[in-house]
**Q** 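Attaching a single structure in structure tokens format; questions to follow.
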Amino acid sequence: MFRKALVAATVLLAAPASAETPESLMRGYAEQARTTSASYAGPSPAAGRRLFHQQPRDWSCATCHTDQPAATGRHAITGKTIAPLSPVANPERFRDAAKVEKWFKRNCTDTLGRLCTSAEKADLISFLLSAQGGT
Amino acid sequence: MRTRSGICRIDWIVWSIAAVFLAHAAVAAVPPNQAIEPDAYAEECGACHTAYPARLLRPADWTVVLATLDRHFGVDASLDATALAAVARQLDVDPAVASAATTKATPRITQQGWFREEHDEISAQQFRSPAVRSAANCNACHAGADRGQFDEHSVRIPR
């Protein structure tokens, strides 16, 4: 009988975990960065902020998301309203790893003209979670 | 006996909790192609612009739009195969054709004859005003655009 209860408890614990959080996604990217560089120092909000405003071509992140990531943004071309990017202001952000990857791919290509590295992704999320990125 | 029935009850409670939890997990873990189906178009395309109703372009034009998403009006709007197939189905075009490469230019809704005719009293300046910004921003004047409603009587042109 005890064994049965133990099996049930194990099944309970092994069930899928809830959705990701911005913090868990940031840690995941940081771990990826660490595997490629032993000297990686961890996510940096300051580096994330620089990345957010970097504009080597037509657009930076701020072009559509404004220079305050907690504010409502607007698509530079279509004029469509964009809900706040910062998870501090918008709890729906950074909850789904596949969705986050899709948007990093699209938006890093559109702004920087290349894919972002895992370290840059961790930096950006740490900026959006910081006091500066969350206001 | 009393001890035995007590253990049985605990066992039953633990199994019930596990069953409820697993049922919840099963609902959350719907296969991707099913989960993405209902709102794939609104989710994938409607994030950047109005979810233009399928009737605004011919199916052959939508096919070209979907086949050129990697260079979609200057941005990379490419989708993975599952999302592309779901969006194609919603736009009533063949997913296989939509994923085939093409060199054709992406068709524009704003260059269709009916669009020009319906908007012939709107100046280029009005389309470029700060409140509208682009003819692609249907919602600026048609409040029901995201629901596919473009009734002429409910048009409000922002000043």
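Just so it is clear: chains get the letters A, B, ... in the order the sequence lines come, proteins before strands, and each one is counted from 1.
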**Q** Please report the shortest heavy-atom distance between B:Arg133 and A:His75, naming the atom on each side.
**A**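 Closest heavy-atom pair between B:Arg133 and A:His75: NH1-O, 3.4 Å.
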**Q** Rounded to the nearest 0.5 Å, what's the gap from NZ on A:Lys99 to CD on B:Glu43? Could you check?
**A**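 Taking NZ in A:Lys99 and CD in B:Glu43, the distance rounds to 4.0 Å.
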**Q** Is the closest basic N to carboxylate O distance between B:Glu44 and A:Arg106 below 4.0 Å?
**A** yes
**Q** Output the distance between atom OG1 (A:Thr81) and atom CG (B:Asn139), rounded to the nearest 0.5 Å.
**A** 7.5 Å
**Q** Identify whether B:Leu56 and B:Val155 are in the same connected component of the hydrophobic contact network (ILVMFWY, side-chain heavy atoms under 4.5 Å).
**A**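 Both belong to a single hydrophobic cluster.
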**Q** Hey, is CD on B:Gln149 packed in by over 12 heavy atoms from elsewhere, all under 6.0 Å?
**A** yes
**Q** Indicate if B:Phe115 and B:Trp62 have the same hydrophobic cluster label, given that clusters are the connected sets of ILVMFWY residues with side-chain heavy-atom separations under 4.5 angstrom.
**A** yes
**Q** With only heavy atoms counted, which part of B:Ala140 is less than 4.5 Å from chain A, the side chain, the backbone, both or neither?
**A** neither
**Q** Does atom CG (B:Asp92) have a neighbourhood of more than 12 heavy atoms from anything else shown, all under 6.0 Å?
**A**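 No - once you tally the heavy atoms of other residues, nucleotides and ligands closer than 6.0 Å, there are 12 at most.
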**Q** Sub-3.5 Å donor-acceptor pair from the side chain of A:Lys80 to the main-chain atoms of B:Asn137, do we have one?
**A**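 Flag not set: sc A:Lys80 to bb B:Asn137 has no pair under 3.5 Å.
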**Q** Take atom CD in B:Glu121; do more than 12 heavy atoms of anything else shown fall under 6.0 Å from it?
**A**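 Yes, enclosed.
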**Q** Looking only at heavy atoms, what is the nearest atom pair of B:Asp76 and A:Asp110, with distance?
**A**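 Smallest heavy-atom distance, with atoms named: N-OD1, 3.0 Å.
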**Q** So which part of B:Thr50 gets closer than 4.5 Å to some heavy atom of chain A, the side chain, the backbone, both or neither?
**A**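 Only the backbone of B:Thr50 comes within 4.5 Å of chain A.
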**Q** Would A:Tyr29 end up clustered with A:Leu112 when hydrophobic side chains under 4.5 Å apart are linked, directly or stepwise?
**A** yes
**Q** Let me check something: do A:Ile77 and B:Leu69 share a hydrophobic cluster, defined by ILVMFWY side-chain heavy atoms less than 4.5 Å apart, either directly or through other members?
**A** no
**Q** B:Cys48, B:Ala136, B:Ser134: which one forms the most heavy-atom pairs within less than 4.5 Å of chain A?
**A** B:Cys48
**Q** With hydrophobic residues grouped by side-chain heavy-atom distances under 4.5 Å, do A:Leu85 and A:Trp103 end up in a single group?
**A**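 In one cluster with A:Leu85: A:Trp103, no.
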**Q** I'd like to know if B:Asp80 and A:Lys102 make a salt bridge, using a cut-off of under 4.0 Å between side-chain N and carboxylate O.
**A** no
**Q** So do B:Val75 and A:Trp59 actually touch side chain to side chain, heavy atoms under 4.5 Å?
**A**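 SC-SC contact between A:Trp59 and B:Val75 confirmed.
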